[in-house]
Protein chains: 2
Amino acid sequence: MVVEALHGGADHISAEEIYEQVRDRYPYANISTVYRTLELLKELGLVTEVELGDGRVRYHPAERGRHHHLVCQKCGIILDLPENAISNLEDVLFHEYGFQADLRHLAIFGLCTECRN
Amino acid sequence: MVVEALHGGADHISAEEIYEQVRDRYPYANISTVYRTLELLKELGLVTEVELGDGRVRYHPAERGRHHHLVCQKCGIILDLPENAISNLEDVLFHEYGFQADLRHLAIFGLCTECRN
DNA sequence: GTACATGCAAACCGTTTGCAGCCTA
DNA sequence: TAGGCTGCAAACGGTTTGCATGTAC
C-alpha cells in the first residue's frame with residue numbers, strides 16, 4: 001500500500017501523507033510501519049528522498065527518473081526542472097572544484113512567475 | 001554574545017554551538033534566548049540561515065556575503081563556492097523558466113576530491 | 001509602572017526505537 | 001519453532017511557546 005501511495009499520489013509525498021492514504025484502506029496501520037517500509041524501499045533503491053524545505057522528508061519513486069525542483073517560497077508550488085538544465089553546473093563543479101556533485105532531486109528556492117510581482 | 005559567537009566561531013554555526021559558547025561566558029543563559037536572538041537577527045537581515053543536511057539550521061552573518069556550499073556526504077567537509085559559479089544557473093532559471101531563484105547559501109551535496117575514490 | 005527580555009519547563013513535530021504479540025514458513 | 005513484520009507507546013532531537021520573574025527606562 002505504501003508503494004501504491006507513492007505511485008498514485010502527488011509526486012513528492014511525505015510519510016504523513018502516505019500514512020493517511022494507507023489508513024484509509026486499513027485503519028489499524030501505524031506510521032512506524034510506513035517509515036520502516038520507506039526505509040526498506042530506500043535501501044532497495046526504489047525511492048529517493050527530497051527535502052523541499054518544509055521540515056519533512058518527501059519521497060519519490062526512483063523509476064520516475066531524476067529531476068530537480070523549483071520551490072516557490074510564496075505560494076509553495078513545486079515546479080519540476082529537467083535534469084539537463086543543471087548538467088552544466090555539474091561539469092563546472094567537477095572540473096573547477098574537483099567536487100563530484102550528487103544532484104539528484106536538488107531543491108532550489110525562489111519565486112515563481114506568478115508570485116514574482 | 002550571540003553576535004560575537006556568530007562572528008568568532010566557525011563559518012556556519014548551529015544554535016546549539018552558539019549556545020555552548022554563550023554558556024561558557026554566562027552559565028545561566030538559556031537556549032531559548034539564543035533562538036529568540038537569532039530570530040531577531042534574522043528579521044533585521046543580519047544573519048541568514050542555511051540547511052546543510054544534518055537536520056539542524058545553521059547561521060551565517062549576512063555581511064560576510066553570499067556564497068554556496070559543497071557538502072561532502074562522506075567526510076562532512078564544507079567547501080565554500082563563490083557566488084558567481086552559479087550565476088549562470090540563475091540566468092537560465094530566470095529566462096527559461098521564469099523562476100526568480102533565491103540562491104543565497106545553496107547547499108549542494110556530493111563527494112569532495114579526497115573522498116571520490 | 002510599563003514594556004520588553006530572560007529563565008525555566010513543557011509542548012511541539014517529524015522521526016526512530018524497544019518491546020511484545022502475531023503470522024508465516 | 002524460528003524469523004520477521006506489525007502495532008503500540010515511548011523516546012528522541014531540534015525548535016518553539018506559555019508563563020512568571022526580572023530588569024531597564
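- The residues B:Arg56 and B:Glu51 are annotated as not salt-bridged, no charged nitrogen and carboxylate oxygen being separated by less than 4.0 angstrom.
- Note: CD (A:Glu51) to P (C:dC13) measures 17 Å, nearest angstrom.
- With rounding to whole Å, A:Tyr19 atom OH is found 14 Å from C:dT15 atom P.
- Remark: B:Arg36 does not engage B:Glu39 in a salt bridge, criterion side-chain N to carboxylate O under 4.0 Å.
- In this structure, A:Met1 atom CE and D:dT6 atom P are separated by 9 Å, rounded to whole Å.
- Remark: B:His68 pairs with no residue by the ring pair (Phe, Tyr, Trp, His ring centres under 6.0 Å) rule, at least two apart or across chains.
- In this structure, CG of B:Leu40 is placed 13 Å from P of C:dC4, rounded to the nearest angstrom.
- Cation-pi check for A:Arg23 over A:Tyr26 is not met; the charged atom does not lie both under 6.0 angstrom from the ring centroid and within 45 degrees of its normal.
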With 3.5 Å as the limit, what N/O pairs link the protein to nucleotides 15-21 of chain D?
residue, atom, partner, partner atom, Å
D:dT15, OP1, B:Val57, N, 2.8
D:dT15, OP2, B:Tyr35, OH, 2.3
D:dT15, O5', B:Tyr35, OH, 2.9
D:dG18, O6, B:Arg36, NH1, 3.4

Atom pairs and distances, side-chain donor-acceptor, residues 73-93 of chain A, under 3.5 Å, sequence neighbours left out:
residue, atom, partner, partner atom, Å
A:Asp80, OD2, A:His67, NE2, 3.4
A:Glu83, OE2, A:Arg66, NH1, 3.0
A:Ser87, OG, A:Asn84, O, 3.0

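- At the heavy-atom level, A:Tyr26 lies under 4.0 Å from the strands shown only through sugar-phosphate atoms.
- Nucleotide C:dT15 holds its P atom 15 Å from the CG atom of B:Asp54, rounded to whole Å.
- Salt bridge B:Glu49/B:Lys42: present, at least one basic N to carboxylate O contact under 4.0 Å.
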